[in-house]
Amino acid sequence: MKLPQSVRNLTSVIGASIALISLLIILFLFIISAIFDIGSSYLGIFIYIALPMVLVVGLILIPIGVLKEKNRLKKHPDEAHVKDWPIIDFNQTSVRNASIIFVAGTICFLILSAIGSYEAFHLTESDEFCGKLCHQVMEPEYTAYQESAHERVGCVECHVGSGAGWYVKSKMSGLYQVYSVLFNKYPRPIETPIHSLRPARETCEECHWTEKFYARKINTKKSYLADGSTTEWDIHLMMKTSATYSAQGLQEGIHWHINPDIKIEYRAVDEGRDTIPWVRYTNLKTGEVKVYRDETVAMSDSELETVELRTMDCIDCHNRPSHNYLSPANFIDDYITAGEISRELPDIKLVAMDALSSEYPKVDSAMNAIDAYAKEYYEIMYPEVMTDQKALYDQAIQAIKTGYKKNIFPVMRVNWTVYPNHLGHLETTGCYRCHNDRHETTQGDVISRDCNLCHDILAQGTADQLVYGTSANPLEFEHPVDINEKWRTTFCSDCHFSLY
């Protein structure tokens, strides 16, 4: 097949070779992935992103080589007859062949590039791409995400949302993230909160309809004391998520904070939004405005003006909706409740908490340390466990290790203390950031710390001596261990942040 002389140059030949080889590799990998049902994000990157880029580079080299060859022929007319404008004469076999190849190749390229672009788009939007591509960096987030209630909600649904504008923003942000990973510039742990995150009203409320909250919720929590018999302590809470009667909507209850008729704004003085000295309440219907100040935080009005003004939304309380890292006390309690850790083992809660209280440089180090500590403890204190209850012992140790792997990531320095959950007030200040009896208006109105604003205790106590109340006559909180009523004057997190 005869082609124009300008095509016969080294640059164009190299470009055509690169493009052809890339296309063949793409087709080969695509067929392999389809036949063997391989869905790896790494393979997808090669098929739909990396190799197509190489293919395009090869195609670009072809016209570059043609132009260079034409310029060379112009300078050396004795080597070939070249005119200023090419004459396209379909009576010539070489021109017809070149045109057919060009048209057919262009059509094939456009079709393949369209398919590739479509697949590349879906690949970059997939959960695997977000969670597995940069395995070490995103391992904590991806692991916690798979344990969350939002596991079936795509990462991009919350982190990007709908619309081209935020899609472009996310990709531009992604370029810097790629640079950070490639050149090891990313922080450990990844800093939060993410200031570029889309407002919750544009993401969370696509599914969670603020105007349609329903009945209140009963939350039953089983905890276990770190004593010899791992004593069970239960508490049943009536969570006041909405009003007493659902017909009243968001007039009261926890979710009153995001009533569409109410606007809550605040200024936090630290990066983690833990210290909030200034809160403003605005009733959008009546125009009433109240400003609350925490005078224990020494900041002037001019200094506060320089701090970011943020409008409260879902994320201010539900700050770990899909990436929650449980404290050892919580995940050990959950495994005991689920039967993965048997209470028949003496001191098992104490052993688990002692083994998990130390920091380890790597997961392997933690696994070995857990094994060594538990084995030494039971061989000395309860040697019969290692013979009579070996199966229960092995199962418990495996559960402790699993809990560690799902909630603590030493390489990225991630655990429950680094990413605190503000939903509540046990391990973190959470609600107490504002509800602490310190925020007061000039008229004397105070943001109350009263526990019954958010929940009523319907039952509490040990499993065999549970005391019951009612929603009309709820119980007063009783601490499972006598601490001389200190819970009335101190925040729960002052102890529970690290205590078990």
Side-chain angles (χ1 to χ4, degrees), residues 144-145 147-153 158 200-201 203-224 232-262 264 312-327 329-331 333-334 336-338 416 420-435 447-461 463 466-478 480 492-493 496:
Y145 162 73
E147 297 294 315
S148 75
H150 290 102
E151 183 185 1
R152 297 180 67 178
V153 179
C158 297
R201 294 188 183 277
T203 52
C204 306
E205 293 182 19
E206 291 294 303
C207 297
H208 300 278
W209 193 358
T210 57
E211 289 83 1
K212 295 291 182 180
F213 284 101
Y214 303 105
R216 297 184 172 189
K217 176 183 178 182
I218 295 180
N219 183 14
T220 301
K221 171 65 176 174
K222 288 182 178 291
S223 301
Y224 302 89
E232 178 182 331
W233 183 272
D234 297 345
I235 186 166
H236 299 191
L237 298 174
M238 171 70 79
M239 303 303 301
K240 300 179 179 179
T241 49
S242 61
T244 305
Y245 305 101
S246 59
Q248 294 177 315
L250 297 179
Q251 294 181 21
E252 59 183 49
I254 301 170
H255 287 141
W256 164 88
H257 293 82
I258 53 170
N259 186 327
D261 297 328
I262 300 298
I264 305 294
M312 186 177 183
D313 64 15
C314 311
I315 298 300
D316 289 298
C317 294
H318 298 267
N319 66 317
R320 311 305 308 173
S322 300
H323 308 287
N324 187 27
Y325 304 95
L326 299 179
S327 68
N330 282 329
F331 68 72
D333 283 347
D334 287 346
I336 296 174
T337 300
W416 78 100
N421 189 342
H422 292 317
L423 191 62
H425 53 75
L426 196 60
E427 283 88 15
T428 73
T429 49
C431 310
Y432 290 148
R433 292 175 297 162
C434 298
H435 288 269
I447 302 179
S448 176
R449 184 188 165 181
D450 183 6
C451 299
N452 290 334
L453 285 174
C454 296
H455 53 66
D456 288 331
I457 300 176
L458 302 183
Q460 65 181 343
L466 204 59
V467 180
Y468 291 91
T470 65
S471 57
N473 296 291
L475 302 174
E476 184 179 49
F477 175 71
E478 178 186 351
C492 305
S493 57
H496 286 274

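Predicted, not measured: the structure shown is a model, and the values here were computed from it.
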Separation between OG (Ser242) and CG (Asn259), nearest 0.5 Å, reads 12.0 Å
Heavy-atom nearest pair, Trp416 first then Tyr325, reads CB-O, 3.2 Å
Do we get Arg449 above Tyr432's six-membered ring, with its NZ or CZ under 6.0 Å from the centre and within 45° of the axis? yes
Next on the checklist: Between Lys240 and Asp456, is the side chain to side chain contact (heavy atoms under 4.5 Å, CB included) condition met? List the steps.
Outcome noted: CA-CA 8 Å; Lys240 300 179 179 179; Asp456 288 331; 3.2 Å; yes
Point to revise | Pair Lys222 + Asp333: basic N to acidic O under 4.0 Å | key: no
Notebook entry, point to check: Does the side chain of Leu458 reach to within under 4.5 Å of the side chain of Leu237, using non-hydrogen atoms?
Noted result: no
Interatomic distance, OG@Ser223 vs CG@Leu426, rounded to 0.5 Å, equals 8.0 Å
**Prompt:** Is the closest side-chain heavy-atom distance between Met239 and Ile254 below 4.5 Å?
**Reply:** yes
Would you say that more than 12 heavy atoms from the other residues, nucleotides or ligands in this model lie under 6.0 Å from the NZ of Lys221, or not? yes
For Ser471 and Pro474 the tightest heavy-atom approach is O-CD, 3.7 Å
- N/O donor-acceptor pair under 3.5 Å between Gln460 side chain and Glu476 backbone: yes
Pro420 meets the side-chain contact (heavy atoms from CB on, under 4.5 Å) criterion, sequence neighbours left out, with His422, Thr428
Note to self: Within the structure provided, determine whether Ser322 and Val153 are in side-chain contact (heavy-atom separation under 4.5 Å).
What the structure shows: no
Side-chain contact test, heavy atoms from C-beta onward, threshold under 4.5 Å: evaluate it for Arg320 versus Leu423 and give yes or no.
no
Contacts of His435 meeting ring-ring contact (aromatic ring centres under 6.0 Å, His included) (sequence neighbours excluded), chain-then-number -> His257
Do Glu147 and Leu326 pass the side chain to side chain contact (heavy atoms under 4.5 Å, CB included) test, and can you show the C-alpha distance, the side-chain angles, and the key distance before you say yes or no?
-> CA-CA 11 Å; Glu147 297 294 315; Leu326 299 179; over 6 Å; no
One should read off an interatomic distance between Ile264 CD1 and Asp313 CG, to the nearest 0.5 angstrom, of 12.0 Å
Can you tell if the side chain of Glu478 reaches within under 4.5 Å of the side chain of Ile457, non-hydrogen atoms only? no
Smallest heavy-atom separation, Pro321 atom then His150 atom, equals O-ND1, 3.1 Å
**Study point:** Validation row: Met312, Cys317 side chains within 4.5 angstrom (heavy atoms)
**Key:** yes
Answer yes or no: is there a side-chain heavy-atom contact under 4.5 Å between Phe477 and His455?
no
Rounded to the nearest 0.5 angstrom, the CG-SG distance for Asn319 and Cys314 is 12.0 Å
Notebook entry, point to check: Taking side chain as C-beta onward, heavy atoms only, is Thr220 less than 4.5 Å from Asp234?
Noted result: no
So CD1 of Ile315 and OG1 of Thr203: to nearest 0.5 Å the spacing works out to 6.5 Å
Closest non-hydrogen contact found for Tyr145 with His323 is CB-CE1, 3.7 Å
When rounded to the nearest 0.5 Å, the distance separating OG of Ser327 from CG of Asn421 is 10.0 Å
